[in-house]
Amino acid sequence: MNFLEVLAIIIPAALYSAAPLIFTALGGIFSERSGVVNIGLEGLMMFGAFTGIVSTLLLQDSLGAWAPWVAILIAAVVCAVFSLIHAVASITLKADQTVSGVALNFLAAGLSIFLIKKIFGKGQTDFIQFRIDKVTIPGLSDIPIIGKILFSNVPITSYIAIALAFAVWYIIYKTPFGLRLRSVGEHPMAADTMGIKVVRMRYIGVMISGMFAGIGGAVYATSIATNFAAGTIAGQGFLAIAAMIFGKWHPIGALGAAMFFGLAQSLSITGAQIPVIQDIPSVLLTIAPYVLTILALTGFVGRAEAPKALGVPYEKGRR
Amino acid sequence: MNKLVKNERVMMILIPVISAILGLIAGAVIMLLGGYDPMLGYQSLFDGMFGTPKAIGETIRAMTPLALAGIAVAFAYKTGLFNIGVEGQLLVGWLASVWVGYAFDLPAVIHIPLAVLAAAAAGAVWAFIPGFLKAKFHVHEVIVSIMMNYIALYTTSSLIRTYLYAGNEKSYDIKESASLASSFLAQLTNNSRLHYGILITIAAAVVMWFILNKTAKGFELRAVGFNQHASQYAGMNVGRNIVLSMAISGAFAGLAGAMEGLGTFQYMGTFTAFTGTGFDGIAVALLGANSAIGILLASFFFGGLQTAAPQMNFMTGVPSELIQIVIALIIFFVASSYLIRWVLGRAGKGGTK
């Protein structure tokens, strides 16, 4: 097997596993840049996957192949609303943000399975009939060498996720909104003095994170899992948090980290076909993203600076 | 009433109690919305918790790992650290206890303590890492602990598969000489799985209280948690205290794993998902207001809810996940105690007019 053939197996698989992580990690950036820790991304993703599958099942008879796409949009809206629980607790009621996020994960896990059992009378849903399929782009896939690697056999959601990362970079670094968002996460007192509504910005940050994590979860469910059960999103949300931190709270960094983690995830599946990699114990590949995140935090991969006011509730007039 | 709100000791009891009641009320509302009968649901739930000697035995059995996980969270919290890694420390403790329980042939008086200590040591080592990174590199312990949870999850199941695999997705059973199971306690509770771990749990609660409240080191640990800079100024070694506190917390979490490995199950499964006990420990610590007595009561309550959930499902059709929802809501209410304080404060003002 030559090197290019190996790449043609690895890269599409990595892009495929990375898409949900990219969406969710980008969402996490909005929340954490505004100063609100969001451990609840795992729960939000889970609720997104739940909404995505249930909506697809309800819509697929009338909408056909469009059903999963509409379901992703529904999941975005539902999870933006669901994330309000974390926002109200951690911003308005000044709960410990980590605790509130943990509670959100609990709530999402309990509520989604409770509802699945109530609606379907069993612990998991049926498989959806239309999934978000892998596509081969005509024309581009005929380009020698890279065509086969980058443009064949990849779901469209992966391209959307990558484009979104650049859009988020523009929003956060090049627009007034982005500047305000970052300022409430770095120094809310100063931002308040400048007339920026700290509480409102933080609510927006958390809700966008809910929306993106909902999309991430729904994309995972409709392209990879294709049904919903208790173990569907086991750890994807935490992996997205890891990607966000590994990417130093920067959209492009998070994109890179999510793709890398996607690669690590896909290698533990496709690795069996690839020389050298098939000799590495798969557990090492599985734990690699987590070990790397710890190393990144420790500064061995370059210092990661969290937003300065991250995790600190804002109280007007208190310095 | 206003005096009440200002009295911290009273609030420490009042907030968890009100939160638990609010959580149960919210659960009743969810049952109503789902088309179930809340009275019947809670009736069967409480029957499942305390209705028979066996139910009580199972409730106490379920409470042991929960209480130890809660003690682990609370110990770290009292010293200013948030140990969200209890789940991972529990898993490595579980594996260590099962390995010692399986691999050695020793008389019970040596075997049991050795297996229990191995679990505590493994948990301590696992928690040492985030503690050390926090002390040395100022890395936030929450994220490192979460990553350590996943590393523990995948590593333990891989180690079981490689070295201890008995087939059927689990390890070999431990030897009888390492078992905490007790035919006496089982008979007493009509064949429940209650085991001697409850004694270890109560001892651990006393140890936590003693270390924190009766020793100079405990005072130092709490001082560091309360104000790092002042403690440093007073000549305390902040970094060393952080590492020590995390390691002790992890040892408690490791013991929680031993409860499962040596007590309830006598083996360890090759898990693909978390047990959830470590995260429940956060809820237990919060509801127990981080105090030793409070944690025992809170773990008894949550342990009962968990063991009774399947029975509630069987009797009334309410999905057992309702309990998870109720626990999540209780965490929200305790964490947002600001709201309860505010409402009580308002009620107090209204009353004095």
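Residue numbers start from 1 in every chain, and the chains themselves are labelled A, B, ... in the order their sequence lines are given, proteins ahead of strands.
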Checklist entry - When you look at CZ of A/Phe114, are more than 12 heavy atoms from neighbouring residues, nucleotides or ligands closer to it than 6.0 Å? => result yes
Item to check | Portion of B/Ile151 that has a non-hydrogen atom of chain A nearer than 4.5 angstrom | outcome: both
Checklist entry - If you tally heavy-atom pairs under 4.5 Å against chain A, which of B/Phe82, B/Tyr150, B/Tyr36 wins? => result B/Tyr150
Item to check | Engaged part of B/Val318 at the chain A interface, taking heavy atoms whose separation is under 4.5 Å | outcome: side chain
Next on the checklist: At a 4.5 Å cut-off on heavy atoms, which part of B/Ile84 comes close to chain A: side chain, backbone, both, or neither?
Outcome noted: side chain
Checklist outcome for this item: Answer key: most heavy-atom pairs under 4.5 Å with chain A among B/Ala273, B/Gly34, B/Ser337 is B/Gly34
Next on the checklist: Quick check on B/Tyr338: does its OH atom have over 12 non-hydrogen neighbours (other residues, nucleotides or ligands) under 6.0 Å away?
Outcome noted: no
Next on the checklist: If you count every heavy atom of other residues, nucleotides or ligands that lies below 6.0 Å from A/Phe260 atom CZ, does the total exceed 12?
Outcome noted: no
Checklist entry - Considering only heavy atoms, which portion of A/Leu104 lies under 4.5 Å from any heavy atom of chain B: side chain, backbone, both, or neither? => result both
Next on the checklist: Quick check on A/Ala230 against chain B: is it the side chain, the backbone, both or neither that has a heavy atom closer than 4.5 Å?
Outcome noted: neither
Checklist entry - In terms of ring plane angle, is the pair B/Phe132 and B/Phe128 parallel, tilted or perpendicular, where the classes change at 30° and 60°? => result parallel
Checklist entry - Would a 4.5 Å heavy-atom cut-off, applied to side chains only, mark B/Ile242 and B/Gln228 as touching? => result yes
Item to check | Side chain / backbone / both / neither for A/Ser100 at chain B, heavy atoms under 4.5 Å | outcome: both
Next on the checklist: Does any backbone or side-chain atom of A/Thr92 lie under 4.5 Å from a heavy atom of chain B? Answer side chain, backbone, both or neither.
Outcome noted: backbone
Item to check | Residue A/Arg200 excluded, over 12 heavy atoms near CZ under 6.0 Å | outcome: no
Item to check | Proximity breakdown for B/Leu286 and chain A, heavy-atom pairs closer than 4.5 Å | outcome: side chain
Item to check | Heavy-atom proximity to chain B below 4.5 Å, by part of A/Val37 | outcome: neither
Next on the checklist: Would you say that more than 12 heavy atoms from the other residues, nucleotides or ligands in this model lie under 6.0 Å from the OH of B/Tyr163, or not?
Outcome noted: no
Next on the checklist: Could you check whether any side-chain heavy atom of A/Leu44 comes within less than 4.5 Å of a side-chain heavy atom of A/His86, counting everything from C-beta outward?
Outcome noted: no
Checklist outcome for this item: Highest number of heavy-atom pairs under 4.5 Å with chain A among B/Ile143, B/Thr162, B/Asn149, B/Ile282 belongs to B/Ile143
Checklist entry - Should the pair A/Phe82 and A/Phe47 be assigned to parallel (<30°), tilted (30 to 60°) or perpendicular (>60°) ring geometry? => result parallel
Checklist outcome for this item: Per-residue tally against chain B (heavy atom, under 4.5 Å) across A/Leu284, A/Asp96, A/Ile85 peaks at A/Ile85
Item to check | Under 4.5 Å from any heavy atom of chain A - which part of B/Val144 | outcome: both
Item to check | Winner by heavy-atom pair count (cut-off under 4.5 Å) against chain B, out of A/Ser90, A/Ala234, A/Gly235, A/Gly231 | outcome: A/Gly235
Item to check | Nearest atoms (heavy-atom pairs only) where B/Val326 meets B/Gly27 | outcome: CG2-CA, 3.8 Å
Checklist entry - Side chain, backbone, both or neither: which part of B/Ile146 has a heavy atom under 4.5 Å from chain A? => result side chain
Next on the checklist: Could you tell me if B/Gln311 and B/Ser44 have a donor-acceptor pair between their side chains, going purely by distance under 3.5 Å?
Outcome noted: no
Checklist entry - Which answer fits B/Thr155, side chain, backbone, both or neither, if we ask what part of it has an atom under 4.5 Å from a heavy atom of chain A? => result both
